[in-house]
Amino acid sequence: MSVAELKERHLAATQTVSALRDQLKQKRLLLLDTDVAGYSRSQGRTPVSFGPTDLVCCRTLQGHNGKVYSLDWTSEKNRIVSASQDGRLIVWNALTSQKTHAIKLPCAWVMTCAFSPTGQSVACGGLDSVCSIFNLNSPTDRDGNLPVSKMLSGHKGYVSSCQYVPDEDAHLITSSGDQTCGLWDITTGLRTSVFGGEFQSGHTADVLSVSINGSNSRMFVSGSCDSTARLWDTRVASRAVRTFHGHEGDVNAVKFFPDGNRFGTGSDDGTCRLFDIRTGHQLQVYYQQHGDNEVPPVTSIAFSISGRLLFAGYSNGDCYVWDTLLGQVVLNLGTLQNSHEGRISCLGLSADGSALCTGSWDSNLKIWAFGGHRKVI
Amino acid sequence: MMDMVSSSEANNNEQNARNPTTTSSSSSSPLPAVVVSSSSSSSLRGGETRHEPRPLSGIGGVGGTHPGFMGKHRMTAAIGYLDQQIQIIQEELDQLDTLGQSSVVCKELITSIESVPDALLPETKGPVETGWDRWFQGGHGSRNRKKWI
């Protein structure tokens, strides 16, 4: 076939894809007879109502000398690992505020960190394109530094996010600026699967975030600069199970909903969204003007343990607490007493759901918990 | 998708095949000197910058002994990719015929949320875990508990 004929075929195929996409969008709209907020109101649900001293900052973890970029809790209750621009990981006991480890990283440009399910290792990744594993029980070297116990190499771009597969210390999933996600066997140091990649049905721009389904660890979602989120089955690396359109900017954060059947996203377009994985429906958009007509990007999200609350950090320092059912902001942690003095870059909920940790560009981490009067229904 | 195809058309030289789309928005800032990645899209996350757009080269390709051939090769691959996308979207369209409306899912969502005790809510289903209040206990093992109603 000549180049001209190929160009024609290419153009025709592009137009077909575009037309089909529109058709899909329209057909989906017809199925969206209601969003979550509309339905919840019709069922008589009212917004969560917080008193002024209900959610309080009960710890401030100080120790980093630079912006905090990432944090992760252990699966048991109280420990957190955080990663900072200062080129260190710190492991904290959040209850006592003590630091149990301060790990100087071989590559200072870290973007993400994760705690292993057993709490014995931590992983981190960043601009070195490598995911490094540290065993917290290892003896330190002559300089007092914890040695790297494994390096997971293979990505051709920065490692933006990493998460251990629940219930096992041996596998981890990464997302990367090379447009792919990876599943790694930590024991061998080898990449078992590459999700996406050139001409595979994967992301078409940097992947910024991953979240593994807590109810079914074979499924994970990824969020990307291509404005989509994709659902993957770890057994099928060649194509995403489903692609979720809707956002109008980079999808910076993705997080599975506690029941494992939905997930949330946060984006540069200033919105958070809730998607259903089985139907693909976009169930709700969470958007509120922040004042001064600004639409700050969402940097990070987390759900409370029931899913009733969605915590969203924004680049302007706000941290909205959304009532996921009513689609309303019920609190702004960013304006509470004792709040951070900079952008909130990362958020995470403790394993038992009793506390939220926020990490900020002000170099601190803060722990928030419910200190008010609780009514048990 | 169109961005990816047009940039792969444009990238008929021997450079890295990965091309970022231009969907993101951020001002550029200098990259740290330690960047070792071969990806064109390396940049600091955290909002400082996303990536820098790659310079586009001509459709005919630059360098290489047979620029026309390289163009055809890439274009054929791109068409194959588009055909795959068409198939995937068609499958999804067919699936939609069997899918329920969003209200069904919303109902499930409410049930799911209201079945789980949540320490951060002012009103929640029980049972309450004793550890929820540990953040407000003075010393370790202090037994200054709140009363529940």
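To find a chain, count down the sequence lines: A is the first, B the second, and so on, and within it residues start at 1.
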K.L.:
Relative to chain B, which segment of A:Leu283 carries a heavy atom at a distance below 4.5 Å: side chain, backbone, both, or neither?
P.N.:
side chain
K.L.:
Determine, stepwise, if the pair A:Tyr158 / A:Asp206 fulfils side chain to side chain donor-acceptor pair (under 3.5 Å).
P.N.:
CA-CA 9 Å; A:Tyr158 61 87; A:Asp206 303 19; 2.6 Å; yes
K.L.:
Specify which of B:Glu91, B:Lys125, B:Gln95, B:Glu92 makes the most heavy-atom pairs with chain A at under 4.5 Å.
P.N.:
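Result: the option with the highest number of such pairs is B:Glu92.
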K.L.:
By a 4.5 Å heavy-atom criterion (distance strictly below it), what part of A:Ile305 contacts chain B: side chain, backbone, both, or neither?
P.N.:
both
K.L.:
Based on non-hydrogen pairs under 4.5 Å, which of A:Thr243, A:Asp352, A:Leu356 is most in contact with chain B?
P.N.:
A:Asp352
K.L.:
With a 4.5 Å cut-off on side-chain heavy atoms, are A:Arg343 and A:Trp361 touching?
P.N.:
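Of all side-chain heavy-atom pairs linking A:Arg343 with A:Trp361, at least one is under 4.5 Å.
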K.L.:
I'd like to know which of A:Arg28, A:Gln43, A:Gln282 tops the heavy-atom pair count under 4.5 Å against chain B.
P.N.:
A:Arg28
K.L.:
Can you say whether A:Leu325 sits under 4.5 Å from chain B via the side chain, the backbone, both, or neither, judging by heavy atoms?
P.N.:
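Side chain only.
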K.L.:
Which answer fits B:Pro117, side chain, backbone, both or neither, if we ask what part of it has an atom under 4.5 Å from a heavy atom of chain A?
P.N.:
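Backbone only.
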K.L.:
If you tally heavy-atom pairs under 4.5 Å against chain A, which of B:Gly100, B:Ser103, B:Ser112 wins?
P.N.:
B:Ser103
K.L.:
Using heavy-atom distances under 4.5 Å, tell me whether A:Val48 contacts chain B through its side chain, its backbone, both, or neither.
P.N.:
side chain
K.L.:
Under 4.5 Å from any heavy atom of chain B, what part of A:Thr324 do you find: side chain, backbone, both or neither?
P.N.:
side chain
K.L.:
With the side chain counted from C-beta on, respond yes when A:Thr96 and A:Asn93 share a heavy-atom pair under 4.5 Å apart, and no when they do not.
P.N.:
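A:Thr96 reaches A:Asn93 side chain to side chain.
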K.L.:
Pick one of side chain, backbone, both or neither for A:Ser70, based on which atoms fall under 4.5 Å of a heavy atom in chain B.
P.N.:
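For A:Ser70, there is no contact with chain B at all, as no heavy atom is under 4.5 Å.
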K.L.:
Which bit of A:Gln23 comes within less than 4.5 Å of chain B, counting heavy atoms only: side chain, backbone, both or neither?
P.N.:
both
K.L.:
Take A:Asn252 and A:Thr299, measure what side chain to side chain donor-acceptor pair (under 3.5 Å) needs, and give me the verdict at the end.
P.N.:
CA-CA 6 Å; A:Asn252 298 316; A:Thr299 60; over 6 Å; no
K.L.:
Where on A:Phe303 is there a heavy atom nearer than 4.5 Å to chain B: the side chain, the backbone, both, or neither?
P.N.:
neither
K.L.:
Counting only heavy atoms closer than 4.5 Å, note whether A:Asp269 contacts chain B via side chain, backbone, both or neither.
P.N.:
neither
K.L.:
Return yes if some donor-acceptor pair links the side-chain N/O of A:Thr180 with the main-chain N/O of A:Gly196 below 3.5 Å, else return no.
P.N.:
no
K.L.:
Can you find a pair of side-chain heavy atoms, one from A:Val56 and one from A:Phe370, that are under 4.5 Å apart?
P.N.:
no
K.L.:
Of all of A:Cys346, A:Gly307, A:Ala12, which one pairs up most often with chain B through heavy atoms under 4.5 Å apart?
P.N.:
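Option with the greatest count: A:Gly307.
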K.L.:
Between chain A and each of B:Leu96, B:Val116, B:Val104, count heavy-atom pairs under 4.5 Å; write down the option with the most.
P.N.:
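Sorted descending by pairs with chain A, the first entry is B:Leu96.
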K.L.:
Given heavy-atom pairs under 4.5 angstrom as the criterion, report whether the side chain, backbone, both or neither of A:Arg242 touches chain B.
P.N.:
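Only the side chain of A:Arg242 comes within 4.5 Å of chain B.
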K.L.:
Quick one about B:Ser102 and A:Asp33 (side-chain donor to acceptor, distance below 3.5 Å, no hydrogens or angles considered), yes or no?
P.N.:
yes
K.L.:
May I ask you to name which of A:Ala240, A:Ser42, A:Ala94, A:Pro258 has the most heavy-atom pairs under 4.5 Å with chain B?
P.N.:
A:Ala94
K.L.:
Looking at B:Lys72 and A:Glu5, is any side-chain nitrogen of the basic one under 4.0 Å from a carboxylate oxygen of the acidic one?
P.N.:
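No, A:Glu5 and B:Lys72 are not salt-bridged.
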K.L.:
Name the region of A:Leu30, side chain, backbone, both or neither, that has any atom closer than 4.5 Å to a heavy atom of chain B.
P.N.:
backbone
K.L.:
Can you establish whether the number of heavy atoms outside B:Lys107 located under 6.0 Å from its atom NZ is more than 12?
P.N.:
no
K.L.:
What's the shortest heavy-atom distance between A:Cys57 and A:Trp368, and which atoms?
P.N.:
N-CE3, 3.4 Å
K.L.:
At a 4.5 Å cut-off on heavy atoms, which part of A:Thr279 comes close to chain B: side chain, backbone, both, or neither?
P.N.:
both
K.L.:
Would you give the length of the straight line joining atom CZ of A:Arg9 to atom CG of B:Leu82, rounded to the nearest 0.5 angstrom?
P.N.:
10.0 Å
K.L.:
Go through the steps for A:Arg262 and A:Asp276 under the test salt bridge (charged side-chain N to carboxylate O under 4.0 Å, His left out), then give the verdict.
P.N.:
CA-CA 4 Å; A:Arg262 286 151 269 273; A:Asp276 182 79; 2.8 Å; yes
